[in-house]
Protein chains: 2
Amino acid sequence: MKSGPDIAMVASLVGDPARANMLTALLSGRALTASELAQEAGITPQTASSHLAKLETGGLIEPEKQGRHRYYRLTGSDVAGVLEGLAGLAARAGHMRVRTGPKDPALRRARVCYDHLAGDLGVQMLDSMKRQRLIRQSKEAMELTGEGKRFIAKALQIDADALIHPRRPVCKACLDWSERRHHLAGTLGAALMERFTELKWAARDPTPGSRVVNFSRNGEKRFAALFGTGE
Amino acid sequence: MKSGPDIAMVASLVGDPARANMLTALLSGRALTASELAQEAGITPQTASSHLAKLETGGLIEPEKQGRHRYYRLTGSDVAGVLEGLAGLAARAGHMRVRTGPKDPALRRARVCYDHLAGDLGVQMLDSMKRQRLIRQSKEAMELTGEGKRFIAKALQIDADALIHPRRPVCKACLDWSERRHHLAGTLGAALMERFTELKWAARDPTPGSRVVNFSRNGEKRFAALFGTGE
DNA sequence: TTCATAGTTCGATCATAACCGAAGCATAGG
DNA sequence: CCTATGCTTCGGTTATGATCGAACTATGAA
């Protein structure tokens, strides 16, 4: 009787708190070992192993053997997209996890969303780029303008032509769960994030599963000079 | 320790097969009564009532009382988007539901995806519109061209300016799980689907939770004349 | 070789939640 | 009023699956 993809199968994989914690940790875009993920989820390695096997056969993550470690990563950005979508629904319904930790404000200010910048600063950046006409939003379409291309070349040494990718857009709006507005994804979003870390304006928090991005004093100033809100 | 939206909460709601069936039925865009949804999921009304209450407090569906009936609908197209995303992941991993029913081929040919056309014909239509330069896809951006505006006005009496909506794009690519390619969503996609039914080219299958779209003989011919593949 | 660490498999326990029968409200229509 | 229908609440049963202890395999280091 029933046909079509078995969405309950996939959703139930994400529906377990331990697995959801693991997947959220992997949203950082980094590959993590089985034990790191176990710690992240607050469970023993045995239990984690069982969960990871399920996630793997479910096609959500893929392993990479390296010595005696097994590194796991998300199988693609489409998985990340669905996870972010679920986060959006949860945030909209006001279903936050109760234990709000000390890192929460930092997470809301700046975090990595798979491979690009999200949070308050991420939203600010996209806003500013639109205001400065570096990005044009016509209807739903987002595009880097000529001025935008010159801007990223001059200020950040990013070649716009190098951003073109067969399977991924240059500019893409990504809904930010903490701000409930859009930030910039796509190859441009990824390139900018990479540039910020290269320039040491910002660095990912070193703790394994963390998505927090810490801006240096100088980096924050430079960032504000380019994308500041106080015009 | 943990912070952020509770994605496990939402995902586990979708993760139960009975609830997933209900949600999939609601993907048709129609509002369905509690008993229709119970039948759709193959469970008794008591059980369904409990599930529906959970989905409601989870913010995925909303009720509307009408006499002694309670009609339920999805709370928004963002919910539909996440459900389609999950379907995409399931299809990619090859996790189809085993019981492939007789309606399956019809479902793959043409179905409604919330409020627009999906399936083989939906993908064909978008392809054809691009080929005819009615829609231009620059990088990731999709836009209705001038020629496209004239075309929909002349052939289908759709006013392009009336499609502009503050919170919804005109053209939007939506991943099709059965074809693994994009079809057309957005206000234009919805308007086209509406036009097809008004013109009696196509009609939704009358059985409650069905997403199947049946084209009439004449409708299929007219559709092919506009968006046919055999050029 | 021996030891330590990373990860898995097995078995048993235990809690959650899906399910239905029966009874209880509410609305519509006589 | 009474009756039928749509839906919900309550209680008890049952099954699934998350969890961990213990034992096992594999890789690397000494």
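Computed from a predicted model, the values in this text were never measured in an experiment. These values consider heavy atoms only, across backbone and side chains, with no hydrogens, waters or symmetry-generated copies.
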* Mind grabbing the angle between the end helix axes of the helix from C/dT1-D/dA30 to C/dG30-D/dC1? Five pairs an end, 10° rounding. =>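 Computed angle between terminal axes is 30°.
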Distance, rounded to the nearest Å, where [X] contributes [atom1] and [N] contributes [atom2]:
X: B/Asn21; N: C/dC19; atom1: CG; atom2: P; value: 10 Å
X: B/Met22; N: C/dC19; atom1: CE; atom2: C1'; value: 12 Å
X: B/Lys54; N: C/dA18; atom1: NZ; atom2: P; value: 4 Å
X: B/Leu37; N: D/dG6; atom1: CG; atom2: C1'; value: 13 Å
X: B/Ile43; N: C/dG21; atom1: CD1; atom2: P; value: 13 Å
X: A/Gln46; N: C/dG7; atom1: CD; atom2: C1'; value: 10 Å
X: B/Leu52; N: C/dA17; atom1: CG; atom2: C1'; value: 16 Å
X: A/Gln39; N: C/dA6; atom1: CD; atom2: P; value: 11 Å

Taking only Lys NZ, Arg NE, NH1 and NH2, and the carboxylate oxygens of Asp or Glu, determine whether [X] and [Y] approach each other closer than 4.0 Å.
X: B/Glu56; Y: B/Arg70; answer: yes
X: A/Glu40; Y: A/Arg211; answer: no
X: A/Arg111; Y: A/Asp205; answer: no

* Do A/Leu27 and A/Glu84 touch side chain to side chain, with heavy atoms closer than 4.5 Å? -> yes
* Asked: Is A/Val112 close to A/Arg204 at the side-chain level, that is, under 4.5 Å between some pair of heavy atoms?
  ->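 With C-beta onward as the side chain, the pair touches.
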* Structure fact -> Against the side chain of B/Ala18, the closest entry in D/dT19, C/dC19, C/dT9 is C/dC19
* Structure fact -> Checking D/dA18, C/dT8, C/dG7 against the side chain of A/His69 (C-beta onward), the nearest is C/dG7
* Structure fact -> Sorted by chain and number, sequence neighbours left out, ring pair (Phe, Tyr, Trp, His ring centres under 6.0 Å) with A/Phe215 holds for A/Phe223
It should be established whether [X] places a side-chain nitrogen or oxygen under 4.0 Å from OP1 or OP2 of nucleotide [N].
X: A/Arg70; N: C/dT8; value: yes
X: B/His51; N: C/dA17; value: no
X: A/Thr47; N: D/dC20; value: yes
X: B/Thr44; N: C/dC20; value: yes

* Structure fact -> The side chain to side chain contact (heavy atoms under 4.5 Å, CB included) partner of B/Leu60 among B/Val82, B/Leu74, B/Leu13, B/Leu83 is B/Leu13
Enumerate all atom pairs, one protein N or O and one N or O from nucleotides 26-28 of chain C, separated by less than 3.5 Å.
none

* For B/Thr33 and for A/Arg19, find the nucleotide of DNA chain D with the closest heavy atom, then tell me which residue's nucleotide is more 5'. =>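 It is B/Thr33 whose nearest nucleotide is closer to the 5' end.
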* Asked: Under the 3.5 angstrom rule, does the side chain of B/Ser49 hit a backbone N or O of B/Pro45 as a donor-acceptor pair?
  ->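 Absent.
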* Structure fact -> CD1 (A/Ile152) and CG (A/Leu163) are apart, to the nearest 0.5 Å, by 5.5 Å
* Asked: Can you tell me how far CG of B/Leu226 sits from CH2 of B/Trp201, rounded to the nearest 0.5 angstrom?
  -> 4.5 Å
* Asked: With sugar-phosphate meaning primed atoms plus P, OP1 and OP2, does A/Tyr71 contact a base, only sugar-phosphate, or nothing at under 4.0 Å between heavy atoms?
  ->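 Nothing, no heavy atom under 4.0 Å.
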